**Student:** 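Once you've had a glance at the structure underneath, I'll fire off some questions.
Here the structure is a predicted model, which means the values were calculated and not measured.
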Amino acid sequence: MTDSLQKPPPHGDPQQESAWIAFSRFEWYTNISDAFPNLSQQLGYSSDGEFHQAMKQGAGSTPSSFLESIHNSQLLPSVSAQELFAAYTLRRRDYQAFSASDTRNIAKIIQNTLPRNSPVHAYALFHQCSRLAREGEAASALEALAEGRNLLVEHPSGILCIWQDMLLALIHGTVAAQNGDFKTAFEQLNTSQHLAEGLGFALTGTIEFRIAQLYRESGQPDRALEIWGCQKRLSDLKKNRQWAHISTFHLNAASCALEGKDTARAREETHKAKEIIPSIQDNYPRLIGYQYLREGEIATQEENYEDGERMLTKAIDYFSEMDVVCEEGLMEAKLALGSYALLQKDPAMAWAILRSLIDESESRGCLHLRSRALLLQTWFFISDDPPAAEAYGNILERIHLIQNPSLLFHALGNLLTYAIKHLDEKEPEMLMRKIESLKTRLSDSCYEKLFEKHVLKRFGETKTEDLEQQT
């Protein structure tokens with residue numbers, strides 16, 4: 001019987017606990033060696049450099065090469081070395097260069113090879129669900145999470161049990177957000193943050209990042225900007241030479257500033273991201289595309305439309321010409337071009353772009369961007385020259401495709417404005433019922449803020465009370 005067909009051992013080697021505690025706290029192999037100077041030798045390597053070279057190979061493995069490498073005793077002289085190698089294969093240097101299918105294939109090999117009590121199985125489930133959600137399969141990710149967590153074996157180390165629980169809460173919150181359940185998302189992300197508190201886990205920053213994303217997606221960009229613009233967090237990332245994370249923080253802070261119409265802050269954040277391009281361009285080329293995108297959005301907001309169009313087009317070309325097309329960046333850049341057309345007061349072109357984007361984003365699995373495109377379509381109904389009632393009926397049939405409850409709230413508010421002005425009283429009643437149904441998917445405070453913004457401030461207290469009484 002070959003090694004690949006043998007049953008995996010129930011427990012790891014004596015180095016398993018120390019190896020995974022090191023990984024949980026520092027994650028990247030060079031940082032691990034700095035903090036745990038003897039770990040390389042404990043794992044069977046003659047030097048830190050030999051350990052780094054092996055783990056670097058893991059971060060670039062494919063499903064086909066992984067099967068051969070995991071049984072290579074010269075490359076991986078201990079079982080704990082195999083486990084960490086598998087972790088880096090799952091994580092990868094560029095996270096987005098691996099698909100959910102690739103991750104699932106690696107996870108199957110791991111299940112048949114590595115110790116059943118290894119934390120690598122929880123780590124594999126974490127990445128599989130994350131990539132499923134990123135590819136537009138949030139419901140499938142929730143199913144995989146529910147099924148997979150029941151198969152995990154509890155580790156005897158208390159600290160690693162907490163780390164695994166934190167992983168599961170983090171991915172549950174992330175996937176729930178992608179599935180449009182913001183209330184569960186906030187609860188799970190807060191749980192993961194509480195579990196990680198004071199333990200120095202490397203993924204603590206990821207938890208904060210996901211919370212910031214959720215703030216932005218739920219219509220609270222100011223709260224997100226507090227996290228992405230935090231100087232202490234940025235200082236910690238610089239100490240660990242996490243240049244890609246720093247770039248991402250600045251680019252996301254710029255996006256939040258643009259939403260708040262703070263163009264000067266957006267330009268400042270984008271400039272800071274541009275300064276570190278030499279440190280990330282080889283391993284994280286997609287971030288250069290986002291740099292072009294932000295510059296185009298800034299120029300557009302400053303009404304410098306010629307530069308705006310040029311940079312947005314440059315971003316689209318860059319994303320589409322990458323060796324592995326950055327689907328999300330490509331769709332985001334095209335969506336920004338659609339917004340540009342709206343600002344240019346070219347409704348025909350904007351409508352055509354948005355219609356095309358809705359279909360393309362669905363086919364590419366970028367469902368959160370499809371939601372944003374559908375929201376932009378509802379803008380036409382509050383313009384000076386709104387479409388006919390037939391167009392209202394068409395978009396009403398598709399509005400349930402907006403998975404983000406905050407964007408759905410905004411879209412329903414736009415359609416409610418149109419219905420009050422142009423349609424009979426049954427339509428506003430129906431739209432108000434849809435708005436009220438969002439209470440189950442949003443926190444109470446978030447719902448109240450959105451209600452004030454998209455209903456109360458639009459129609460005033462008297463009209464709002466009338467609408468509420470009719471439902």
Side-chain angles (χ1 to χ4, degrees), residues 94 96-97 134 136 216 244 247-248 250-278 280-377 379-380 383 407:
D94 186 355
Q96 294 192 17
R134 184 169 58 84
R216 184 179 65 182
S247 175
T248 304
H250 286 311
L251 292 170
N252 281 321
S255 179
C256 289
L258 284 167
E259 288 186 43
K261 307 299 180 186
D262 187 351
T263 314
R265 173 70 182 274
R267 184 171 291 283
E268 177 188 353
E269 297 288 350
T270 304
H271 178 71
K272 290 177 179 178
K274 190 173 185 177
E275 288 180 329
I276 58 177
I277 282 179
I280 54 95
Q281 59 187 359
D282 292 337
N283 295 316
Y284 304 92
R286 71 178 184 281
L287 293 176
I288 298 174
Y290 281 105
Q291 180 76 33
Y292 298 150
L293 172 56
R294 293 293 176 265
E295 290 178 13
E297 291 173 326
I298 290 168
T300 301
Q301 194 166 96
E302 292 178 332
E303 299 184 3
N304 183 354
Y305 295 122
E306 183 176 344
D307 282 351
E309 183 179 15
R310 178 176 59 83
M311 293 307 298
L312 293 176
T313 302
K314 187 175 182 178
I316 291 170
D317 292 341
Y318 183 89
F319 284 129
S320 61
E321 292 170 4
M322 289 177 64
D323 291 340
V324 178
V325 175
C326 180
E327 308 275 10
E328 188 170 330
L330 177 62
M331 296 310 302
E332 190 172 341
K334 288 185 176 183
L335 190 65
L337 194 62
S339 300
Y340 163 86
L342 285 172
L343 292 171
Q344 285 285 84
K345 301 190 186 303
D346 189 345
M349 181 174 118
W351 185 267
I353 290 174
L354 293 174
R355 282 290 298 272
S356 173
L357 272 176
I358 290 167
D359 294 336
E360 186 179 356
S361 58
E362 185 169 341
S363 67
R364 292 181 182 273
C366 300
L367 302 187
H368 62 295
L369 293 170
R370 179 187 67 183
S371 296
R372 287 171 57 186
L374 283 164
L375 169 60
L376 281 176
Q377 271 200 325
W379 177 88
F380 291 91
S383 65
L407 297 185

**Student:** For Ser361, what residues pass the side-chain contact (heavy atoms from CB on, under 4.5 Å) criterion, not counting sequence neighbours?
**Tutor:**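 Ser361 satisfies side-chain contact (heavy atoms from CB on, under 4.5 Å) with Met331, Cys366, Arg370 once adjacent residues are dropped.
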**Student:** Taking all atoms of both residues into account, what is the closest heavy-atom pair of Ser247 and Ile276, and its distance?
**Tutor:**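 That closest heavy-atom pairing would be N-CD1, 3.5 Å.
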**Student:** Got a sec, which residues hit side-chain contact (heavy atoms from CB on, under 4.5 Å) with Gln281, two or more places apart in sequence or on another chain?
**Tutor:**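 Counting only residues at least two positions away or on another chain, Gln281 forms a side-chain contact (heavy atoms from CB on, under 4.5 Å) with Ile277, Ile288.
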**Student:** Got a list of side-chain donor-acceptor pairs under 3.5 Å for residues 305-317, not counting sequence neighbours?
**Tutor:**
residue : atom : partner : partner atom : Å
Asp307  : OD2  : Asn304  : ND2          : 2.9
Glu309  : OE1  : Tyr340  : OH           : 3.2
Thr313  : OG1  : Glu309  : O            : 2.8

**Student:** List the steps, then state whether salt bridge (charged side-chain N to carboxylate O under 4.0 Å, His left out) holds for Arg355 with Glu360.
**Tutor:** CA-CA 9 Å; Arg355 282 290 298 272; Glu360 186 179 356; over 6 Å; no
**Student:** Show the numbers, then the answer: is there a salt bridge (charged side-chain N to carboxylate O under 4.0 Å, His left out) between Lys272 and Glu275?
**Tutor:** CA-CA 5 Å; Lys272 290 177 179 178; Glu275 288 180 329; over 6 Å; no
**Student:** Provide the closest heavy-atom pair for Ala257 versus Arg265 in the form atom of the first, atom of the second, distance.
**Tutor:**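 That closest heavy-atom pairing would be CB-CG, 3.7 Å.
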**Student:** Of the non-hydrogen atoms in Pro285 and Asn283, which two are nearest, and what is the gap between them?
**Tutor:**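 Heavy-atom minimum between the residues: CD-C, 3.4 Å.
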**Student:** Do you know which two heavy atoms are closest between Ala373 and Leu357, and how far apart they sit?
**Tutor:**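 Taking Ala373 first and Leu357 second, the nearest heavy atoms are CB-CB, 4.4 Å.
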**Student:** Measure across Ala333 and Leu293 and return the closest heavy-atom pair with its distance rounded to 0.1 Å.
**Tutor:**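 Minimum heavy-atom contact is CA-CD1, 3.7 Å.
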**Student:** Going by the salt bridge (charged side-chain N to carboxylate O under 4.0 Å, His left out) test, which pairs reach into residues 252-262, not counting sequence neighbours?
**Tutor:**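 Checked against salt bridge (charged side-chain N to carboxylate O under 4.0 Å, His left out) - neighbours excluded - no pair reaches residues 252-262.
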**Student:** Donor-acceptor pair, distance only, cut-off 3.5 Å: does the side chain of Tyr292 make one with the backbone of Tyr318?
**Tutor:**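 Not confirmed, Tyr292 side chain does not pair with Tyr318 backbone.
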**Student:** What residues, two or more places apart in sequence or in another chain, satisfy side-chain contact (heavy atoms from CB on, under 4.5 Å) together with Ser371?
**Tutor:**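 Checked Ser371 against side-chain contact (heavy atoms from CB on, under 4.5 Å); matches are Ile402, Gln403, Leu407.
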**Student:** Taking ring-ring contact (aromatic ring centres under 6.0 Å, His included) as the definition, give me every residue that meets it alongside Trp379, ordered by chain and number, with sequence neighbours left out.
**Tutor:**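 Here no residue qualifies.
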**Student:** Quick one: do the Gln301 and Glu297 side chains pair a donor with an acceptor below 3.5 Å?
**Tutor:**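 There is no such pair between these side chains.
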**Student:** Using every non-hydrogen atom in the two residues, find where Leu251 and Gln291 come nearest and quote the distance to one decimal.
**Tutor:**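 Answer, listing the atom of Leu251 first, then Gln291: CD2-OE1, 3.8 Å.
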